[in-house]
Amino acid sequence: MIDQQTSLRGGAARISVRPRTGRFLVLAVVFVCAACGLVYELELVALASYLIGDSVTQASVVLSVMVFAMGIGSLLAKRLRSRAAVGFGLLEAALALIGGTSALVLYASFAWLGESRYALVGFSLAIGVLIGAEIPLLMTLIQRVDRQDAGGAVADLFAADYVGALVGGLAFPFLLLPLMGQLTGALFTGAINAAAGGALVLWVFRRDLDARSRWLLITVNVTVIALLATATVLVDDFERAARRAVYGGDVRVAEQTGVQEVVLTGAGRGSLDLYLDGRLRVSSRDEYRYHEALVHPAMAGRHARVLILGGGDGLAAREVLRHPGVESVVVVELDPAVTRLARTDPALSGLNAHAYDDPRLTAVTGDAFTWLRARHGRYDVVISDLPDPGITASTKLYSAEFYGLVAGALEPGGRLVVHAGPLDSRPATFWTVEASMRAGGLSTRPYRVEGRLVGFAAGPDRSRDTSKAPHDWGFVLAGRDPSVPLSLGAGAPGLRSLGERELLAAGRSAERVRPPESPPSTLVHPRYWEEP
């Protein structure tokens, strides 16, 4: 009882190193544990955004649940202060196992169960409780190794904790994710976490442990590290099996780039699918409908110089290059891996009609927003073939500021066309995009085209009710000059579609440049509407 009271007041314990060395080692472990804890948090946010979508919602869920759980963990840690060394060693082993395997279990629940939200909340709670219990136990340990007032100990602990969080936050996107990927990175972090926590207790505080506690900690830590090491060895086989469950058995390319995960399945004209971060970006079953509707209405006019924002797959460029009078095409794509696949993959390059071999086409790697700011000249047509506006990471590419930059890049009488998402399933998103374009100084003509196929998708979408899946594509054609034919016109109040004559003309244009082996144009029979 006397030893316990002395420890809690800050008296020195029986440690195996000098007090100053012990204090340094405790703070070093605080640094490592804080870095590992933030990596677990970022892993959950990143993987949840990838598997579930809507990164803002997923980040809010993870952060709020984890902070709440940390408070619970701090309260629960009171019961362990009398045996702080053993408690901290077991806590770090549990945190290493749960945090290190969290990405594997989340991905498995998505691939085989079709649902990962409950697992996300469960891991956020568990990891938050364990992280919250760390500081009270570390506070007890640091006061045992060095006589220091409580205020100074708290300042040192939180300084080490915050610096560790900074290092973990930077290591995740710039080191762990590009070099190891999400799954291996989480497992590696767990092993570091277990090794640091176990080493501190078994070395510095070994004299505070009885033989039973010592062997318990050795057994638990060796078991956790062995499990994480085994999972690391098998992670490639797990990823292949999970990808087959998510994407089907014909995955040909699976690559984690510095920007996103790129997956290519199938090899034929009717079976090729391109997924970016788990979202179906291109399907050869219906991509002609989409790219004809995107490109051809904007090409009705001067189109010598064309700028394509996004569209690294080369399919929009394919439709542009079929028009006579095109002198140059610039494709600005963020991920060079996509343009490399579009050039070199036999199936994808065949689908885009080897657009990248055309001397008129120039591919640029860069962010569309930043590239437009640099003012690389003016264009007759700008085609925005960017990720869906419903994806949070794409928000700036659908802002009024972005469209103001596009307007500055258009020649007088130039035209912009934007994919604004499906109208029937996400009308609010569609009309927000259209309003942002008008706020950017453009006159707009929204339109949509049906014929989007449903029933093929990745992961849980395979078994989901497809009645709520989008059946159309929504587009907005726009220009700087209100006098050009696409303007709404004073005599047509409330009209918010391309006219039938304009769409039929675009459809005939698509038919004229369509190669014989391609499916007929779907612009000939579009559906349009009058009121938003």
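The structure presented is a predicted model; accordingly, all values stated were derived computationally and were not measured. The basis for the numbers below is simple: all heavy atoms, side chains too, and nothing from hydrogens, waters or symmetry mates.
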Give a yes or no on this: more than 12 heavy atoms of other residues, nucleotides or ligands lie within 6.0 Å of atom CZ of Arg83. no
Tell me, which pairs form a side-chain hydrogen bond (donor to acceptor under 3.5 Å, both in side chains) where one or both residues lie in [range], sequence neighbours left out?
range: residues 30-40; value: Tyr40-Asn193
range: residues 220-232; value: none
range: residues 120-135; value: none

Looking at residues at least two apart in the chain, or sitting in another chain, which of them share a ring-ring contact (aromatic ring centres under 6.0 Å, His included) with [X]?
X: Phe174; answer: none
X: Phe24; answer: none
X: Trp215; answer: none

N/O donor to acceptor pairs below 3.5 angstrom from side-chain atoms of residues 62-80, sequence neighbours left out:
residue : atom : partner : partner atom : Å
Ser64   : OG   : Ser60   : O            : 2.6
Ser64   : OG   : Val61   : O            : 3.2
Ser74   : OG   : Met70   : O            : 3.1
Ser74   : OG   : Gly132  : O            : 2.9

Can you sort out the partners of [X] under salt bridge (charged side-chain N to carboxylate O under 4.0 Å, His left out), two or more places apart, ordered by chain and number?
X: Arg373; value: none
X: Glu401; value: none
X: Asp345; value: Arg252
X: Arg343; value: none

For residues Phe402 and Tyr398, establish whether the separation of their ring centroids is below 6.0 Å. no
Please enumerate all residues that pass side-chain contact (heavy atoms from CB on, under 4.5 Å) together with Ala165, with sequence neighbours excluded. Leu38
